[in-house]
Amino acid sequence: DLTIFIFYTQNKMIGILSSTSASELLTQVTIFVLYVIILTFVLRYLWNNVLVDHITILRRVDSLLNTFLLALGIAMFRL
C-alpha cells in the first residue's frame, strides 16, 4: 500500500537524519535506496500486469524511471 510506503519513507528519513556515525548513515541510506528500487520493480509489475489489463485507458510503463516518477506522483497526490 502506498500509505505504508509514505510512512516507511518518513521513518527512514528520520533515521537517516538522526544517524550518529558515518557507518550508520551509510547503512540507513543503503536500506532506503534498496527499498525504493524494490518498490519500483513491484509497482511496475503490478501496473503492467494487473491494472493495464483491467482498466482500458491505462498504458504500460516502459522504463523504470517512468515507474519511479509514477510512484512519486501517486505519493504526492495522496499527501
Side-chain angles (χ1 to χ4, degrees):
D1 187 31
L2 206 51
T3 306
I4 295 171
F5 169 72
I6 293 170
F7 288 127
Y8 180 82
T9 304
Q10 289 173 347
N11 288 340
K12 293 309 293 176
M13 293 306 288
I14 291 170
I16 290 170
L17 293 174
S18 65
S19 298
T20 57
S21 66
S23 63
E24 185 179 345
L25 176 67
L26 183 62
T27 302
Q28 293 288 334
V29 169
T30 303
I31 291 171
F32 179 72
V33 168
L34 286 174
Y35 177 75
V36 168
I37 290 170
I38 290 170
L39 185 69
T40 301
F41 278 105
V42 169
L43 179 63
R44 182 177 180 184
Y45 172 78
L46 291 175
W47 184 273
N48 286 340
N49 295 329
V50 177
L51 287 175
V52 170
D53 293 339
H54 296 291
I55 302 175
T56 58
I57 62 170
L58 298 178
R59 295 184 303 169
R60 294 192 178 277
V61 177
D62 297 327
S63 71
L64 288 178
L65 177 62
N66 287 343
T67 307
F68 175 74
L69 293 174
L70 174 68
L72 185 64
I74 291 171
M76 290 177 64
F77 181 73
R78 292 203 54 176
L79 292 176

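The chain is numbered in sequence order, starting from 1.
- Summarising the geometry of Val61 relative to Leu70, their closest heavy-atom pair is CG2-CD2, 4.3 Å, with the distance given to 0.1 Å.
- In this structure Tyr45 satisfies the side-chain contact (heavy atoms from CB on, under 4.5 Å) test together with Asn49, sequence neighbours excluded.
- Rounding to the nearest 0.5 Å places CD1 of Ile38 at 13.5 Å from CG of Leu43.
- With sequence neighbours excluded, no residue forms a side chain to side chain donor-acceptor pair (under 3.5 Å) with Thr30.
- Every residue two or more places apart in sequence or in another chain was checked for a salt bridge (Lys or Arg N to Asp or Glu O under 4.0 Å) with Asp62, and none qualifies.
- Residues satisfying the side chain to side chain donor-acceptor pair (under 3.5 Å) criterion with Ser63, sequence neighbours excluded, are Asn66.
- Applying the side-chain contact (heavy atoms from CB on, under 4.5 Å) criterion to Leu58, with sequence neighbours excluded, gives Trp47, Leu51, Val52, Ile55.
- Thr67 contributes atom OG1, which lies 10.5 Å from atom CG of Leu39 (distance to the nearest 0.5 angstrom).
- Applying the salt bridge (charged side-chain N to carboxylate O under 4.0 Å, His left out) test to residues at least two apart or on different chains, the pairs with a partner in residues 29-58 are Asp53-Arg60.
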